[in-house]
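FYI, side chains are in, hydrogens and waters are out, and symmetry mates aren't considered; it's all heavy atoms of this structure. Owing to the predicted nature of the structure, the values given are computational and were not obtained by experimental measurement.
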Amino acid sequence: MILIVDDDKLICSSLAMLLRRVGYETMCVHTPTDAIDVVKTTSLQLIVMDMNYSRLTSGIEGITLLKQVKLFNPEVPVILITAWGSIDLAVEGMRAGAFDFITKPWDNRMLIQRIETALEIAGKKNEQESEQSSFARGKIIGRSEGLKKALTLVERIAPTNAPVLITGESGTGKELIAEAIHNNSKRRGKPFVKVNLGGISQSLFESEMFGHKKGAFTGAFADRVGRFDLADGGTIFLDEIGELDLSCQVKLLRVLQEQKFEVLGSSDTHKVDIRVVCATNANLPEMVANHTFREDLLYRINLVTVNVPPLRERTEDIPLLVRHFASLACAENGLEVPEFAADVFAYLKTLPFTGNIRELKNLVERTILVCGSSTITADDFRSQQSANYSVTRDTDATTIEDVERNMVKVALEKHNNNISLTARELGISRAALYRRIEKYKLN
């Protein structure tokens with residue numbers, strides 16, 4: 001992630017578009033205060049920042065911000081941009097820890113070259129550091145106590161080979177936690193293979209996970225490498241494990257116990273070295289009690305359990321998440337990053353967000369695209385929320401489940417029961433939508 005800091009929104013948008021075209025993920029903020037908030041909570045590769053944030057043209061604000069950035073993250077490379085190419089200011093910035101200095105108007109090719117050089121040098125420096133490097137949060141954004149608690153546990157267990165079960169509601173970011181575990185483990189240079197078990201039928205489970213030989217069954221026209229072989233030496237992430245059929249659970253348990261299996265159509269035994277990370281939004285102990293999930297498999301996968309809190313329990317993270325999603329949406333669509341009125345975050349914190357962060361991202365993107373305003377207000381968010389879920393605040397909806405049921409019902413009616421469109425509208429996966437349809441008997 002590259003952070004762009006400039007009070008000129010047009011410059012921010014232009015830089016974001018330029019960097020995204022060459023493959024970098026970006027985030028834009030317009031004030032020193034917002035910049036420090038991001039630096040405190042986000043893993044950054046590099047910062048491109050302006051020197052002036054008011055009518056003053058001395059660059060003092062930029063130097064002050066640079067020093068604050070270096071206090072919180074001394075390792076991140078910073079490239080300064082200013083319209084006043086003062087040698088004295090450049091020297092002062094370099095002394096304060098800046099990697100490089102460039103003047104406006106800049107040459108795009110030169111700027112990209114300097115960014116690539118900064119990242120290359122920073123990467124080589126990281127390679128020379130000890131194996132006990134600092135914990136990398138990756139794409140995880142937030143500073144709430146619940147999230148900090150989860151990340152503290154992740155930091156502690158990531159370097160081990162312990163199997164991990166990640167629990168939490170749909171849309172809370174369980175996959176990002178799994179990536180953080182892998183990226184902070186000794187296996188980080190090896191494959192990270194993601195498998196959505198909710199999307200694999202019982203008949204295809206063995207072929208998908210173990211692979212097959214040509215001619216092993218009707219339709220097997222070529223050899224197929226299974227997911228376990230692909231993950232050899234690295235980490236396999238088994239998402240939606242609560243959706244796995246009982247017969248498939250038995251086959252999975254054997255692989256997790258012995259770390260070996262047979263490819264379909266072959267008698268050869270494949271032995272693999274893998275770490276297993278699973279995730280679910282289901283209550284597995286309750287499923288064990290109902291005989292729909294094997295108790296021995298549960299013990300095998302949850303040596304350590306990491307619970308990811310829902311968004312309603314970490315509402316202090318909403319401003320950071322909104323700004324992040326807004327920056328991404330504007331960069332992707334070539335728009336100017338809007339300001340957010342003072343009432344926006346207070347309003348958003350009142351919403352149930354049953355779809356959690358995924359739902360918030362959907363709402364932010366939709367509001368920015370539809371409103372097209374330089375300043376987004378709470379009314380803008382309110383209109384988009386009510387336009388899509390006009391009956392979710394039914395007078396009979398007294399619980400979170402009531403609200404969720406109405407929300408799913410309205411979205412299904414709006415899209416004529418089209419599962420893909422409804423899931424996208426709600427900001428949840430198709431598998432999660434199917435579970436809610438069954439749960440609330442909306443067939």
Side-chain angles (χ1 to χ4, degrees), residues 160-166 174-179 181-183 185-282 284 287-288 291-303 419-420 423 429-435:
T160 73
N161 280 317
V164 181
L165 175 64
I166 306 170
K174 296 187 291 296
E175 183 176 322
L176 295 182
I177 294 292
E179 288 180 356
I181 292 172
H182 174 73
N183 292 336
S185 73
K186 296 177 181 178
R187 299 173 180 264
R188 57 182 170 270
K190 300 295 183 178
F192 177 70
V193 177
K194 296 179 281 188
V195 186
N196 185 343
L197 295 177
I200 300 177
S201 66
Q202 178 182 351
S203 60
L204 293 177
F205 177 78
E206 288 183 90
S207 172
E208 188 73 25
M209 301 304 294
F210 310 144
H212 64 247
K213 291 291 185 180
K214 179 180 178 181
F217 52 85
T218 303
F221 300 116
D223 291 352
R224 178 187 178 88
V225 179
R227 300 297 185 91
F228 282 112
D229 272 325
L230 291 174
D232 191 20
T235 304
I236 190 165
F237 173 50
L238 304 178
D239 198 8
E240 307 284 3
I241 195 167
E243 300 295 310
L244 197 59
D245 181 87
L246 276 171
S247 63
C248 297
Q249 291 178 29
V250 176
K251 299 168 185 175
L252 175 62
L253 178 61
R254 182 190 170 212
V255 178
L256 300 189
Q257 287 175 332
E258 303 176 8
Q259 298 233 331
K260 59 185 180 181
F261 56 91
E262 286 81 39
V263 175
L264 281 178
S266 170
S267 58
D268 295 336
T269 298
H270 284 215
K271 188 167 180 61
V272 290
D273 171 26
I274 53 173
R275 183 186 192 172
V276 179
V277 177
C278 301
T280 184
N281 58 16
L284 295 187
M287 292 180 66
V288 169
H291 306 291
T292 56
F293 198 86
R294 292 182 63 93
E295 186 175 20
D296 47 4
L297 178 58
L298 177 58
Y299 288 137
R300 174 63 60 178
I301 65 176
N302 79 332
L303 183 63
I419 298 298
S420 295
S429 67
R430 286 167 53 91
L433 177 57
Y434 277 121
R435 285 196 300 275

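Here E240 contributes atom CD and K174 contributes atom NZ; the two are 6.5 Å apart, rounded to the nearest 0.5 Å. Between the CG atom of L256 and the CG atom of L238 there is a distance of 7.0 Å, given to the nearest 0.5 Å. Here the straight-line distance linking atom CZ of F205 with atom CD of Q249 works out to 9.0 Å at 0.5 Å rounding. To the nearest 0.5 Å, atom CG of residue L230 and atom CE of residue M209 are 10.0 Å apart. We find the CG-NZ distance between D239 and K194 to be 9.5 Å, quoted to the nearest 0.5 Å. Atom OG1 of T160 and atom CZ of R275 lie 4.5 Å apart (nearest 0.5 Å).
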Show your reasoning for whether side-chain contact (heavy atoms from CB on, under 4.5 Å) applies to D229 and F261. CA-CA 10 Å; D229 272 325; F261 56 91; 3.8 Å; yes
Evaluation steps, side-chain contact (heavy atoms from CB on, under 4.5 Å), between I166 and I181: CA-CA 11 Å; I166 306 170; I181 292 172; 4.2 Å; yes
Carefully, step by step, assess L253 and R300 under the rule side-chain contact (heavy atoms from CB on, under 4.5 Å). CA-CA 8 Å; L253 178 61; R300 174 63 60 178; 4.0 Å; yes
Stepwise side-chain contact (heavy atoms from CB on, under 4.5 Å) check, E243 with R435: CA-CA 9 Å; E243 300 295 310; R435 285 196 300 275; 2.6 Å; yes
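Taking 4.5 Å as the limit, some side-chain heavy atom of L298 sits within range of a side-chain heavy atom of L165. Residues V164 and I177 form no side-chain contact, since every pair of their non-hydrogen atoms from C-beta on lies 4.5 Å or further apart. At least one side-chain heavy atom of V255 sits under 4.5 Å from a side-chain heavy atom of F228. Within the 4.5 Å cutoff, the side chain of D232 has heavy atoms near those of the D273 side chain. For the pair L284/L297, no side-chain contact is recorded, criterion being any heavy-atom separation below 4.5 Å from C-beta on.
Shown here for V276 and C278, the closest heavy-atom pair between the two residues is CG1-SG, 3.7 Å. Closest of all the heavy-atom pairs between S207 and L264 is N-CD1, 3.6 Å. Contact record, F237 with A279: CE1-CB, 3.5 Å, taken as the closest heavy-atom pair. Nearest heavy-atom pair across A231 and I274 is O-CG2, 3.4 Å. Considering all non-hydrogen atoms of both residues, G242 and F293 come closest at CA-CE1, 4.4 Å.
Remark: the backbone N or O of K190 is paired with a side-chain donor or acceptor of H182 at under 3.5 angstrom. A donor-acceptor contact shorter than 3.5 Å links the side chain of R188 to the backbone of S185. The backbone N or O of M287 sits less than 3.5 Å from a side-chain atom of T292, completing a donor-acceptor pair. A donor-acceptor pair is defined here as one N or O able to donate and one able to accept, closer than 3.5 Å; such a pair exists between the side chain of R187 and the backbone of G233. Here the side chain of R294 pairs no donor or acceptor atom with the backbone of S247 at under 3.5 angstrom. Using a distance-only test at 3.5 Å, with no hydrogens or angles considered, no donor-acceptor pair links the side chain of Q202 to the main chain of C248. A distance-only check finds a donor-acceptor pair linking the side chain of H212 to the backbone of A222 [under 3.5 Å].
Checking each of K213, K251, R254, K271 against E262 for a salt bridge (charged side-chain N to carboxylate O under 4.0 Å, His left out) leaves exactly one that passes, namely R254.
In summary, E208 and R224 engage in a salt bridge, as defined by a charged side-chain N under 4.0 Å from a carboxylate O.
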